[in-house]
Amino acid sequence: GDILYRWGNPSAYGAPGDQEFFGQHDAQWIPAGSPGAGNILVFNNGQFRPEGNYSTVEEIVLEMNTDGSYSVTSGSAFGPASQQWVYTSENPTDFFARNISGAQRLPNGNTLICEGPSGYIFEVNADGTILWDYQNTDGVPVFRAIKYSADYLGLSRLL
């Protein structure tokens, strides 16, 4: 497909501005029913940041016109000027995943985060406070984690 929107590295398309994304992936629309619905949540690996390697999870709000299109001024970076929400570890370099990993916005507004290479999964609230965590101790990386509600149909087949 077509690239519908660019954000995070304006020099990639010849526009001025600061680079925000460093090895980003797992970009996804926040689903209806969750706070931030319609915004985009991105796992930013953060490898080769000028200030050192550390990962973040970032929410951006696309600047959309009423007809569903995007306005771009030639020679300028795509908006927004900054992220809506960013999760960064209190000591940024304590959270770093150079590959795999992911994040999911939950219906209660919390965000589930998977630091894939180490198999570390945790949930944070809007303030970035870790509410619970799980460390996979068998040494196997975890590609991504998804939280399902207790009434998820796929779980009913296990009972």
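For reference, positions follow the sequence shown, starting with 1. Hydrogens, waters and symmetry mates play no part in the numbers below; they use all other heavy atoms, side chains included.
Side-chain atoms of N136 and D138 include a donor-acceptor pair closer than 3.5 Å.
The two residues Q83 and I60 make their nearest non-hydrogen contact at CG-CG2, 4.1 Å. Nearest approach of S101 to F43, heavy atoms of both residues: CB-CZ, 3.4 Å. Scanning both residues, T111 and A103, for their nearest heavy atoms gives CG2-CB, 4.2 Å. Considering every non-hydrogen atom in both N9 and S11, the closest pair reads OD1-OG, 2.8 Å. The two atoms that bring P117 and R98 nearest to each other are CG-N, 4.4 Å, heavy atoms only. Nearest heavy atoms, G75 versus P16: O-CD, 3.1 Å.
Enclosure of atom CD in Q135 by more than 12 non-hydrogen atoms of other residues, nucleotides or ligands within 6.0 angstrom is indicated. Annotation for D18: atom CG does not count as buried by contact number, only 12 or fewer foreign heavy atoms lying within 6.0 Å.
Rounded to the nearest 0.5 angstrom, W7 CH2 and Q24 CD are separated by 10.0 Å.
In this pair, Y70 and Y5 present their aromatic rings perpendicular. The plane angle is above 60°, beyond the 30 to 60° band.
Note on I130 and V57: same hydrophobic cluster, where clusters join Ile, Leu, Val, Met, Phe, Trp and Tyr whose side-chain heavy atoms are under 4.5 Å apart, directly or indirectly. I121 and V140 are not part of a single hydrophobic cluster, where members link through side-chain heavy atoms under 4.5 Å apart. Placement of W85 and Y54 in two distinct hydrophobic clusters is found when ILVMFWY residues are connected by side-chain heavy-atom separations under 4.5 Å, directly or transitively.
When the ring pair (Phe, Tyr, Trp, His ring centres under 6.0 Å) test is applied to Y13, the partners found at least two apart in sequence or on another chain are F78. Taking the salt bridge (Lys or Arg N to Asp or Glu O under 4.0 Å) definition, one finds that E20 meets it with nothing, sequence neighbours left out. Applying the ring pair (Phe, Tyr, Trp, His ring centres under 6.0 Å) rule to F122 yields the partners Y87, F95, Y120; only residues at least two apart in sequence or on another chain are considered.
Here the side chains of I100 and P141 are in contact, with some heavy-atom distance below 4.5 Å. Inter-residue side-chain proximity for V124 and I113 is flagged as met; some heavy-atom pair is nearer than 4.5 Å. K147 is listed as a side-chain neighbour of E123, based on a closest heavy-atom distance under 4.5 Å. Looking only at side-chain heavy atoms (C-beta outward), I30 and I40 stay at 4.5 Å or farther from each other. Using a 4.5 Å heavy-atom cutoff, the side chains of F21 and T56 are not in contact. Between F22 and P50, some side-chain heavy-atom pair lies under the 4.5 Å cut-off. V86 places none of its side-chain heavy atoms less than 4.5 Å from the side chain of E59.
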